[in-house]
2 protein chains.
Amino acid sequence: MTWRKRVERSLAGAVLLFAALGDPTRLTRLQRLSDGGPASISLLAERFRAMTRQGVRKHLHVLAAAGLINGSRQGREHVWALNPKRLAEGRRCLEVIASGWDDALARLKLHVEES
Amino acid sequence: MTWRKRVERSLAGAVLLFAALGDPTRLTRLQRLSDGGPASISLLAERFRAMTRQGVRKHLHVLAAAGLINGSRQGREHVWALNPKRLAEGRRCLEVIASGWDDALARLKLHVEES
DNA sequence: TCGTTGTGCAACTATTCAGTTGCGCGTCGC
DNA sequence: GCGACGCGCAACTGAATAGTTGCACAACGA
């Protein structure tokens, strides 16, 4: 795989991740998982009368597709758990962009001083 | 302002931020700004034939609304620059969620060992 | 002054998407 | 076995969104 292809693929992954995070329902459910530990769909949907269980289910699948949570069947329940590794990848991505900007500004400053 | 209101407001901000990042066009433009330094709209739209200048403009405004970039008029050009501070806020948010999860797991483990 | 360049505003369209509804199926408890 | 509970699948609908188009306007250069 070429270097450019690599970048494109990781970019697509980052887009998927941030898009999953960029929704109030999903972010609150993620926070609920974060400080409540693993939980089933119905559990995540209760105290959330604004939406059907099916609605919450769809959102959970978006989070799963982004790799932010992992699901597993336990009896008749579907239990979801956070995947902190993916969160770390998100942080890493933001770091890269920020540091790239710092470098660009440094180069720009250098260029101005030279001329 | 109540504590709960505070949380809700910061959550809304985080949602806005991640939603802005969760789009291929916006993320690539952000990366372009990151390692190319400040640039005007036309500059950001060129070599990007898949979209009109107006399309790119809208995306830039979404990024601006999320606080990720700052725009300023320079002559007849509108120049956009990255705001790394906002990127740091995003990282901070992800850290909070991840650490909350670690704590939850620790509590869970403790609870299991106790019983 | 005149052509060019960079931009902003507003309206339109087509597509996508969120969320609901209705159903059927496995699983647990009595 | 039988009811209740938790869940998955598929189809539908209204609403939001992305992107375009057409225009007008200010700034720069010759």
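Proteins come first, then strands; the chains are lettered A, B, ... in the order of their sequence lines, and each starts at number 1.
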Practice prompt. Please lay out, stage by stage, how A:Leu21 and B:Leu94 fare under the test side-chain contact (heavy atoms from CB on, under 4.5 Å).
Written response: CA-CA 10 Å; A:Leu21 291 170; B:Leu94 297 185; 3.8 Å; yes

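A heavy-atom distance below 4.5 Å is found between the side chains of B:Leu82 and B:Ile69. Two residues are said to be in side-chain contact when any heavy atoms from C-beta on lie closer than 4.5 Å; A:Arg57 and A:His78 fail this criterion. When side chains are defined from C-beta on, B:Glu95 counts as touching B:Arg92, because their heavy atoms get closer than 4.5 Å.
Within the nucleic acid shown, B:Ala19 has no heavy atom closer than 4.0 Å to any nucleic acid atom. Using a 4.0 Å heavy-atom cutoff across all strands shown, B:Gly55 reaches at least one base atom of the nucleic acid. No contact: A:Ala45 has no heavy atom under 4.0 Å from any strand.
Distances shorter than 4.0 Å separate some side-chain N or O of B:Thr52 from OP1 or OP2 on D:dT20.
Distance B:Leu60 CG to C:dG6 P: 15 Å, rounded to the nearest Å. Rounded to an integer number of Å, the gap from A:Leu63 CG to C:dA18 P is 12 Å. In this structure, B:Arg26 places its CZ atom 11 Å from P of D:dT17, rounding to the nearest Å. Distance CE (A:Met51) to P (C:dT20): 6 Å, rounded to an integer number of Å.
The ring-ring contact (aromatic ring centres under 6.0 Å, His included) pairs that include a residue from residues 23-42 of chain B number zero, where partners must be two or more places apart or lie in different chains.
When each of A:Val62 and A:Gln74 is assigned the nucleotide of DNA chain C bearing its nearest heavy atom, the one mapping closer to the 5' terminus is A:Val62.
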Discussion item. I'd like to compare against my own output: the B/S/- annotation of nucleotides 2-12 of chain D with a strict under-4.0 Å heavy-atom distance to protein.
Written reply: --BBSBBB-B-

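By the side-chain hydrogen bond (donor to acceptor under 3.5 Å, both in side chains) test, B:Arg86 pairs with B:Glu89, sequence neighbours left out.
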